[in-house]
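Structure, as structure tokens:
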Amino acid sequence: AQSVTQLGSHVSVSEGALVLLRCNYSSSVPPYLFWYVQYPNQGLQLLLKYTTGATLVKGINGFEAEFKKSETSFHLTKPSAHMSDAAEYFCAVSENSGYSTLTFGKGTMLLVSP
Amino acid sequence: KAGVTQTPRYLIKTRGQQVTLSCSPISGHRSVSWYQQTPGQGLQFLFEYFSETQRNKGNFPGRFSGRQFSNSRSEMNVSTLELGDSALYLCASSLGQGPNNEQFFGPGTRLTVL
């Protein structure tokens, strides 16, 4: 069975600082990996995804993530945090099984202070 | 293009009642998935439908059921409501099945069971 672990339920950064949100996964087959963002009272929005090929994936709003198979990790980074980045972030995995089913981590709330 | 629509947005029910939630996918999308989001369990997969057929099901009791209509709209039903069913129910749609198809999430229906 696949699973996702996100280290840290809350991460606090100052505006302009580096953002690093950690995600580790377990999967019996090569996974598809995703990062979603959720703003208050809204649904989830896809930030970026890894399927195959280049292990460094660039997404929207300046975010990127690197797939490291040896570490089973898919950490999300952004060089400079903005106040508008404050939200909850979810890492998710999907096995290439023909289904769209996503297995999510517990989420990390990103807090950005001025 | 209109996004995924979920109705109602908010719902209050009492224990023992039943409830029906509705999801209208993005026009042209044929796959609809449902997720339950709670503070304790996070995001958990409920069902996945494609072309009116349930293709995958999460680990939820039989009180949770769903269906998809020929126009791809989907409903989920929860019977004999329990306090623990209080959650945000999210619907997601995609063009087709499989993780290569980006899932677009609706804003959710917040169900409160008293």
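Chain letters run A, B, ... following the sequence lines, proteins first and then strands; every chain starts at 1. These numbers come from a predicted model, not from an experiment.
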### Task
State plainly whether one hydrophobic cluster holds both B:Trp34 and A:Phe90, where clusters connect Ile, Leu, Val, Met, Phe, Trp and Tyr through side-chain heavy atoms under 4.5 angstrom apart.
no
### Leading residue by heavy atom contact count with chain A [cutoff under 4.5 Å; candidates B:Ser33, B:Pro107, B:Gly42]
B:Pro107
### Message
Starting from B:Phe50, can I reach B:Phe47 by hopping between I/L/V/M/F/W/Y residues whose side chains sit under 4.5 Å apart?
### Response
no
### Verify same cluster id: B:Met76, B:Val19 (apolar side-chain graph, 4.5 Å)
yes
### Query
Taking all non-hydrogen atoms of both residues, which atom of A:Tyr32 and which atom of B:Pro99 are closest, and how far apart?
CD2-CB, 3.5 Å
### Task
Report yes if some heavy atom in the side chain of A:Gln38 is under 4.5 Å from a heavy atom in the side chain of B:Leu88; otherwise report no.
yes
#### Entry: Heavy atoms of other groups near B:Asn59 CG, more than 12 under 6.0 Å
no
### Query
With only heavy atoms counted, which part of B:Leu43 is less than 4.5 Å from chain A, the side chain, the backbone, both or neither?
both
### Task
Using a 4.5 Å cut-off on heavy atoms from C-beta on, say whether the side chain of A:Gln45 contacts that of B:Phe105.
no
### Task
Consider only side-chain heavy atoms of I, L, V, M, F, W and Y, link residues closer than 4.5 Å, and tell whether A:Leu44 and A:Val57 are in one cluster.
no
## Note on the structure
If one checks every heavy atom of B:Gln37 against chain A at 4.5 Å, the contacting part turns out to be side chain
## Note on the structure
Okay, A:Thr51 and chain B: the region with an atom under 4.5 Å from a heavy atom over there is side chain
### Task
Write down the atom of B:Gly96, the atom of A:Ser100, and the distance for their closest heavy-atom approach.
O-OG, 3.8 Å
### Message
Show the nearest heavy-atom pair for residues B:Glu48 and A:Tyr99, with the distance to one decimal.
### Response
OE1-CB, 3.6 Å
### Query
For B:Arg15, does the CZ atom sit with more than 12 other heavy atoms under 6.0 Å from it, leaving out its own atoms?
no
### Which portion of B:Tyr35 sits near chain A, non-hydrogen atoms under 4.5 angstrom
side chain
### Query
Should we count NZ of B:Lys57 as having more than 12 external heavy atoms under 6.0 Å?
yes
### Task
Report yes or no: do A:Met83 and A:Leu76 belong to one cluster of Ile/Leu/Val/Met/Phe/Trp/Tyr joined by side chain heavy-atom distances under 4.5 Å?
yes
#### Entry: Closest non-hydrogen atom pair between A:Leu102 and B:Phe45, with its separation
O-CB, 4.2 Å
### Message
Let me confirm one number: the CD-CZ distance from B:Gln41 to A:Phe104, rounded to the nearest 0.5 Å.
### Response
15.0 Å
